[in-house]
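What follows is a single structure, written as structure tokens, with notes after it.
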Amino acid sequence: MQALRPSPFPSTAVATATTLVLALALTGCGGSDPVEPAAADTACRVSTSSGGSVTVGSGVAGDPALPEPSSGFRLGGAAVRSGQYMVVTANPLASKAGCEVLRQGGSAADAAVAVQMVLGLVEPQSSGLGGGTFALHYRAATRTLQSYDGRETAPAAATENDLRWISATQQTLPLPSARASGRSIGTPGTVSMLKLMHDDHGRLAWSANFADAVALARNGFAISGRLADAIVLNRDNLLRDPDAVAYFLNPDLSPRALGTRLVNEPYAQTLSAIAADSRAFYSGPIAEDIVQEIRRTAAGPAATSGAVLTPGVTTVADLAAYTSVRREPVCIAYRSTEVCGMGPPSSGGIAVAQTLGILQNFDLAAQRPTAVDLYGGRPTVMGVHLISEAQRLAYADRNQYVADTDFVPLPGSGVASLLDAGYLRQRAGLISMTRSLGTAAPGAIAGAAPATSSSNEGRGTTHVSIIDAAGNVVVMTTTIESSMGSYRFVRGFLLNNELTDFSPTPSDLSGPVANRVQPNKRPRSSMAPTIVFQRPAGGPRGEVLMATGSPGGAAIIQFVTKTVVGVVDWGLDAQQATSLMNFGAANSPTTGLGGEHPNLNVANNGNDDSLVTGLRALGHTVSVAAQSSGVSTIVRRTDTTGRRFLEGGADPRREGLVLGDAAP
Ligand code: GLU
């Protein structure tokens, strides 16, 4: 471990941090153009069309942190290259914080802490201290892969009817809704998980990774397009929380607009306390305030609907008892790679692996998209058919079998049975080349507990991919579940509504639901942070090829699958695979094609687009609704001279940014 440094941004980086603060103070949402001092090196900067480079957050023309209205799909943007290290997040200021840590010699685990603390400020609708996180960490020196489970947890006093009934004697929905009541709020795991991963793999002192976020919270940042949209979307629910009203709304209760400078002193203070001692989150005044908020019974004076709040049952003992867990990653051999992901309580790793294991039985390379451009070209009808059919089969098993394995074991011999090559070959045999399965049945696995399991996951999540100069990798998907979680704002951060990822009904006709609420249980997730390794000539695990992941609720499984197939089977670069049209299916007759993509013609409900009509001819019910993925991808390449470099892609559907050191 490197000693704690008094300033996290020594030497050249001090100028950068100062520029950031001054520029925001001077320009607010970018009214004037301060002149940027020339930078000697281009690390952690963004190149401009004139051949120069710009500091992220500087406020000068070309600064990707200048707030812009959100768009469905940002056009332009090729893959970004770097030599040694790279970070991809969904927000420029978060990428910048992570990149500066990497530039100072911090590890991927250090950068993950810095990134999360900034994301909790600038993208609070998606993740933060009040939520939960899954991460995979690869340590290059020892070639060890570890996954970390910082999932939110149900309180010890939870009962299986908490999400559908106020009480046994009052069998009506919690008020004002399960999500906005205290019942949805799980004990947050993000701080604990980051600390555990940092204890294992940090190089800088824990506290050194907080300074950028603390400074940004104190000095202010400009509301981005997506945050502005989230405030508008969630305004009426935020009205129930006086702290949220004060922070996100104007005095006349209108939403604070794009570009407004937000200062969050309570967040700065919370971060300072956690930086000094991570346990400050789980006991003492912060924990007490979290519990008080979860148990609140009445909305604040601004509320225009739902004045009564059904309290949650969380106690300070639940926070004190929270532990994040090191777990075995879930891996499968796929073509000449090995794909590794997050196991239960996430279903993401198993479902992605099953999908790929089924696809292994088909020649997917022959189904490369046509007219490949910056956005990955146009997927073929048969490519989408095969992948979405494989997904139907994988989701069928997921829905039936996967929940928190500390409570409900997987069928058969667990992951080994679900990923068995023979089993997946047999599942692949169910796919017809001429007709969609519509809805697939789960596989019959010896010893399977007949426990169906369902849940709806929301859209308040974000994904971070990081590779440091030593080759260590962090992929981290981090969430407060739905956009703005439970709408409860405590000490500068939002609390999650992750417990709505449980099934609200504890049993159905076939018996107890695997994903029902139980005390101290973790709700099933779909989050799928993924690392792909080379596996030359079918041998053992080789070098890291790729790091990726996405938000998107249950569709995360589809977003990750398409990105991995894009790189591994179709030879797309990191940006093309990330931008590639989103497509796939959960286990229903509907196959989604992301209507936000420039290469899909959504006019006339897609009836003028041959991809849509081709799939409909195979019996798919095609939806062309827009899909809001947030894929962050890094691919490791070797050029023709044998020199290695990193290639990054940020999802054009969000506000993300790739940053790293100079390209070789
Ligand atoms: N809560 C969801 C899960 O854990 C993620 C929601 C999202 O991606 O926005 O799977």
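Order of appearance sets the numbers: ligands from 1, and atoms from 1 within every ligand. Just the heavy atoms: all of them, side chains too, but no hydrogens, waters or symmetry mates, feed the values below.
- Taking every non-hydrogen atom of E498 and a distance limit under 4.0 Å, the qualifying atoms of ligand 1 come out as 1 (N), 2 (C), 4 (O).
- Looking only at distances, no side-chain donor or acceptor of T462 sits under 3.5 Å from a matching main-chain atom of T478.
- For F248, the ring-ring contact (aromatic ring centres under 6.0 Å, His included) test picks out F489, with sequence neighbours left out.
- Of the N or O atoms in G552, one or more lie within a sub-3.5 Å distance of an N or O in ligand 1.
- The N/O atoms of G553, backbone and side chain alike, include one that comes under 3.5 Å of an N/O atom in ligand 1.
- In summary, the side chains of D318 and T187 do not present any donor paired with an acceptor at a separation below 3.5 Å, with no hydrogens or angles considered.
- If you number the atoms of ligand 1 from 1 as listed, the ones under 4.0 Å from a heavy atom of I556 come out as 8 (O).
- Judged by the shortest distance from any of its heavy atoms, R524 lies outside the 4.0 Å radius around the atoms of ligand 1.
- For ligand 1, the atoms closer than 4.0 angstrom to any heavy atom of M527 are 3 (C), 4 (O), 10 (O).
- The main-chain N or O of N496 is never found under 3.5 Å from a side-chain atom of E481 such that the two would form a donor-acceptor pair.
- Atom CG of L499 is separated from atom CG of L163 by 6.5 Å, given to the nearest 0.5 angstrom.
- Within ligand 1, counting atoms from 1 as listed, the ones closer than 4.0 Å to a heavy atom of P551 are 8 (O).
- Considering only heavy atoms from C-beta on, K562 comes within 4.5 Å of N582 through its side chain.
- Looking at T355, its side chain does come within 3.5 Å of a backbone N or O of A351 through a donor-acceptor pair.
- With a 4.0 Å cut-off on non-hydrogen atoms, R151 touches ligand 1 through its side chain and not its backbone.
- In T477, neither the side chain nor the backbone holds a heavy atom less than 4.0 Å from any atom of ligand 1.
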